[in-house]
Amino acid sequence: VQLQASGGGLVQAGGSLRLSCAASGRTFSLYSMGWFRQDPGKEREFVAVISWRGGSTYYADSVKGRFTISRDNVNTMYLQMNNLQPEDTALYYCVASPDVLTTTAGSYAYWGQGTQVTVSS
């Protein structure tokens with residue numbers, strides 16, 4: 001499975017962005033897809049995850065109520081980010097797994113390249 005993330009950019013605090021992650025390859029085997037983020041000097045942080053078949057979602061407390069994860073019926077996952085704050089600045093990675101839905105980065109078999117989100121104050 002290959003993952004291609006896009007949609008990052010520079011936005012002012014309070015603004016919005018929508019990230020996309022397109023999956024290709026053996027997408028029928030996916031169980032979950034999600035997002036992690038990492039700012040230089042900090043640990044990689046879980047953001048959100050969605051069950052590929054049932055659509056169940058789970059969010060980090062830091063983004064709950066501001067971010068929404070969703071997917072279409074084909075191969076693309078989205079992360080709608082509203083009311084962005086400077087602390088949301090990071091490189092955002094999309095991830096996928098054939099067998100788990102978890103907040104643990106090491107459990108995800110597939111990783112896309114990051115897309116940079118920068119929020120100015």
Side-chain angles (χ1 to χ4, degrees):
V1 174
Q2 294 78 44
L3 304 175
Q4 181 70 41
S6 61
L10 172 64
V11 63
Q12 289 188 332
S16 299
L17 283 174
R18 188 173 84 153
L19 305 184
S20 299
C21 179
S24 60
R26 296 172 61 88
T27 57
F28 62 87
S29 68
L30 293 180
Y31 182 78
S32 68
M33 291 184 72
W35 296 92
F36 284 77
R37 65 187 183 186
Q38 189 169 21
D39 208 17
K42 297 182 180 178
E43 292 189 359
R44 193 163 292 182
E45 178 187 19
F46 166 76
V47 176
V49 65
I50 186 167
S51 165
W52 197 244
R53 297 188 182 93
S56 300
T57 58
Y58 187 73
Y59 298 91
D61 287 343
S62 58
V63 307
K64 203 172 293 183
R66 300 187 298 124
F67 291 12
T68 302
I69 190 171
S70 63
R71 87 275 190 258
D72 65 14
N73 292 324
V74 183
N75 66 342
T76 304
M77 172 184 64
Y78 304 96
L79 186 69
Q80 177 66 42
M81 306 185 294
N82 297 329
N83 191 22
L84 282 160
Q85 300 300 314
E87 53 266 33
D88 296 316
T89 295
L91 194 59
Y92 282 69
Y93 296 92
C94 62
V95 300
S97 171
D99 53 10
V100 297
L101 188 152
T102 177
T103 62
T104 304
S107 296
Y108 286 91
Y110 308 112
W111 288 74
Q113 90 293 356
T115 184
Q116 179 68 37
V117 172
T118 303
V119 185
S120 63
S121 57

>> Could you check whether atom CZ of Arg26 has more than 12 heavy atoms from other residues, nucleotides or ligands sitting under 6.0 Å from it?
In response: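 Check fails, neighbour count at 12 or below.
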
>> Tell me if the OH atom of Tyr78 is crowded by more than 12 foreign heavy atoms within 6.0 Å.
In response: yes

Checking the side chain of [X] only, and the main-chain atoms of [Y] only, is there a donor and an acceptor separated by less than 3.5 Å?
X: Ser32; Y: Val100; result: yes
X: Thr115; Y: Gly8; result: yes
X: Arg37; Y: Leu91; result: no
X: Arg18; Y: Leu79; result: no
X: Thr104; Y: Gly106; result: no
X: Tyr31; Y: Ala96; result: no
X: Arg71; Y: Arg53; result: yes
X: Asp72; Y: Asn75; result: yes
X: Thr89; Y: Val119; result: yes

Please find the pair of heavy atoms, one from [X] and one from [Y], that lie closest to each other, and give the distance.
X: Pro98; Y: Ala109; value: CD-CB, 4.2 Å
X: Ala90; Y: Gln116; value: O-NE2, 3.4 Å
X: Thr102; Y: Phe46; value: O-CE1, 4.1 Å
X: Ala23; Y: Val1; value: CB-CG1, 4.4 Å
X: Ala5; Y: Gln113; value: O-NE2, 2.7 Å
X: Tyr59; Y: Ile69; value: OH-N, 2.9 Å

>> Can you confirm whether Arg66 sits close enough to Asp88 that some side-chain heavy atom of one is under 4.5 Å from a side-chain heavy atom of the other?
In response: yes

>> Looking only at the aromatic ring of each residue, does the gap between the centers of Tyr93 and Phe36 stay below 6.0 angstrom?
In response: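 So the answer is no for these two rings.
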
Cluster link [X] to [Y], ILVMFWY, side chain under 4.5 Å:
X: Tyr108; Y: Leu3; answer: no
X: Met81; Y: Val49; answer: no
X: Leu101; Y: Trp111; answer: yes

> side chain to side chain contact (heavy atoms under 4.5 Å, CB included) between Phe67 and Leu84: does it pass, once the steps are laid out?
Replying inline: CA-CA 9 Å; Phe67 291 12; Leu84 282 160; 3.8 Å; yes

